[in-house]
Amino acid sequence: MARTERLTHAWFARPAPIVARELIGCALVHGDRTGMIVEVEAYLGPHDKASHARFGATPRTSVMFGPAGRSYVYLCYGIHEMFNIVTGDEGHGEAVLIRAVAPLSGLGDDPRIGRGPGKVTRALGIDRSHDRRDLARGELYVAAHEVPPKLGIGPRIGVDYAGAWARRRLRFWWRDHPAVTKP
DNA sequence: GTTCCGATGCTT
DNA sequence: AGCATCGGAACG
């Protein structure tokens with residue numbers, strides 16, 4: 001699989017579920033650390049009761065309402081940094097959460113190193129200082145894949161408070177991949 | 001194998 | 001008060 005093609009603003013400026021599905025198998029690159037994306041979740045606009053966009057554009061979430069292809073990194077449970085990519089048309093408030101990566105280079109060879117959204121950022125050295133970055137330039141970016149993986153689709157994790165929106169099938173993963181989260 | 005719980009700090 | 005989590009302890 002060639003992984004040299006950096007994904008562009010236009011690539012990310014499509015509906016979150018489409019981008020999410022196509023991100024599986026792509027490479028997430030931060031400097032000399034690279035992981036293959038094997039699990040993601042799509043978060044829609046303010047109408048999505050599981051999304052951080054549900055309160056509209058706040059100081060934390062305003063980046064979600066900006067142009068696609070920017071990072072949205074926030075602190076979860078006081079401990080874990082979460083890495084998202086803004087998608088869709090400007091103003092929509094969409095993003096895709098990267099939930100798991102498999103080591104490709106610079107991460108060692110334990111498939112559990114990037115299994116879980118908090119572990120993705122720890123493995124790749126991403127924190128809130130990487131919030132609002134333009135992934136179309138700089139050392140943090142995503143590179144395309146050539147071969148689509150076997151795709152799993154199901155409900156998002158950890159959003160039970162969102163009622164019916166928790167049951168929407170907006171989580172995508174590489175089926176049977178050892179770096180995908182268990183539950 | 002399962003369930004429970006504390007850590008830890010930012011957000012509304 | 002609640003949270004887009006994790007790792008360890010306790011239990012069976």
Side-chain angles (χ1 to χ4, degrees), chain A residues 12 15-24 26 28 30 33 35 37-66 68-88 92-103 107-108 110-133 135 140 142 151-174 176-183:
Chain A
F12 290 111
I18 305 290
V19 172
R21 193 172 67 214
E22 296 188 13
L23 275 172
I24 302 298
C26 290
L28 178 57
H30 181 217
R33 306 190 211 185
I37 297 170
V38 295
E39 182 181 355
V40 301
E41 286 173 356
Y43 286 89
L44 281 42
H47 57 291
D48 177 359
K49 294 312 176 196
S51 172
H52 285 183
R54 68 188 182 279
F55 301 117
T58 67
R60 179 177 65 155
T61 63
S62 61
V63 66
M64 294 180 75
F65 294 84
R70 299 270 237 276
S71 60
Y72 167 43
V73 184
Y74 69 92
L75 185 66
C76 186
Y77 295 109
I79 297 180
H80 306 289
E81 320 268 347
M82 303 286 210
F83 176 74
N84 301 255
I85 302 170
V86 177
T87 68
H92 280 206
E94 305 177 2
V96 173
L97 169 69
I98 309 302
R99 282 193 55 89
V101 298
L107 304 184
D110 185 342
R112 297 169 300 177
I113 189 74
R115 189 173 71 186
K119 295 163 86 175
V120 167
T121 53
R122 193 149 52 86
L124 288 167
I126 296 169
D127 58 38
R128 279 164 292 168
S129 72
H130 305 311
D131 189 30
R132 297 165 184 255
R133 295 271 184 100
L135 304 187
L140 180 62
V142 182
L151 199 64
I153 307 178
R156 295 173 292 186
I157 303 290
V159 293
D160 290 344
Y161 61 86
W165 280 94
R167 281 172 250 124
R168 294 282 298 271
R169 294 175 20 118
L170 292 170
R171 174 172 169 252
F172 304 86
W173 65 90
W174 188 311
D176 301 324
H177 198 289
V180 171
T181 60
K182 266 303 183 188

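Protein chains get the first letters and strands the later ones, always in sequence-line order, with residue 1 at the start of each. Keep in mind that this is a model prediction, so the values were computed, not measured. Any value given below was found using the heavy atoms of this structure, including those in side chains, with hydrogens, waters and symmetry copies removed.
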Without decimals, in angstroms, what is the distance between [X] [atom1] and [N] [atom2]?
X        : N      : atom1 : atom2 : answer
A:Met82  : B:dG9  : CE    : P     : 16 Å
A:Arg115 : C:dT5  : CZ    : C1'   : 14 Å
A:Trp165 : C:dA4  : CH2   : P     : 16 Å
A:Lys49  : B:dT12 : NZ    : C1'   : 14 Å
A:Phe55  : C:dA4  : CZ    : P     : 9 Å
A:Asp110 : C:dG7  : CG    : C1'   : 15 Å
A:Leu75  : C:dC6  : CG    : C1'   : 13 Å
A:Ile157 : C:dC3  : CD1   : P     : 16 Å

For residues A:Leu97 and A:Phe83, report the shortest heavy-atom separation together with the two atoms involved.
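Heavy atoms only, the tightest pair is CD1-O, 3.5 Å.
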For the student: nearest non-hydrogen atoms of A:Ser62 and A:Ala57, plus distance
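Closest approach of A:Ser62 to A:Ala57: CA-CB, 4.1 Å.
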So if I take every side-chain heavy atom of A:His52 and compare against C:dC6, C:dA4, B:dT12, which nucleotide ends up nearest?
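Nearest nucleotide to the side chain: C:dA4.
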The side chain of A:Arg122 is closest to which nucleotide in this list: B:dA7, C:dA4, C:dC6?
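Taking heavy atoms from C-beta onward, the closest nucleotide is C:dC6.
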So, is [X] close to the [N] phosphate, meaning a side-chain N or O under 4.0 Å from OP1 or OP2?
X        : N      : result
A:Tyr161 : C:dA4  : yes
A:His80  : C:dC6  : no
A:Thr58  : B:dT12 : yes

Of A:Gly56 and A:Gly78, whose closest DNA chain B nucleotide lies nearer the 5' terminus?
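Going by which nucleotide is closer to the 5' end, it is A:Gly78.
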Checking A:Arg54 against A:Thr61: is there a side-chain donor and acceptor pair closer than 3.5 Å?
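No, no side-chain donor-acceptor contact under 3.5 Å.
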When all nucleic acid strands are considered with a 4.0 Å heavy-atom cut-off, which category describes [X]: base, sugar-phosphate, or nothing?
X        : value
A:Arg128 : sugar-phosphate
A:Ala162 : nothing
A:Arg60  : sugar-phosphate

Any stacking of A:Tyr43 on C:dA4, going by centres under 5.5 angstrom and planes within less than 30 degrees?
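Given the distance and angle limits, yes, they stack.
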Have a look at A:Leu23 and tell me which of A:Leu28, A:Ile98, A:Val38 forms a side chain to side chain contact (heavy atoms under 4.5 Å, CB included) with it.
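Single pass found, and it is A:Ile98.
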Both distances below 3.5 Å, Watson-Crick or wobble geometry, any strand: find the nucleotide opposite B:dA7.
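Check on B:dA7: paired to C:dT5, both distances under 3.5 Å.
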Can A:Arg60 be said to sit on top of A:Phe55's aromatic six-ring, NZ or CZ under 6.0 Å from centre and within 45° of the ring axis?
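No; the conditions do not both hold, so A:Arg60 does not lie above the ring face of A:Phe55.
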Please state whether the base of C:dA4 and the side chain of A:Tyr74 form at least one donor-acceptor pair under 3.5 Å?
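A donor-acceptor contact between them is present.
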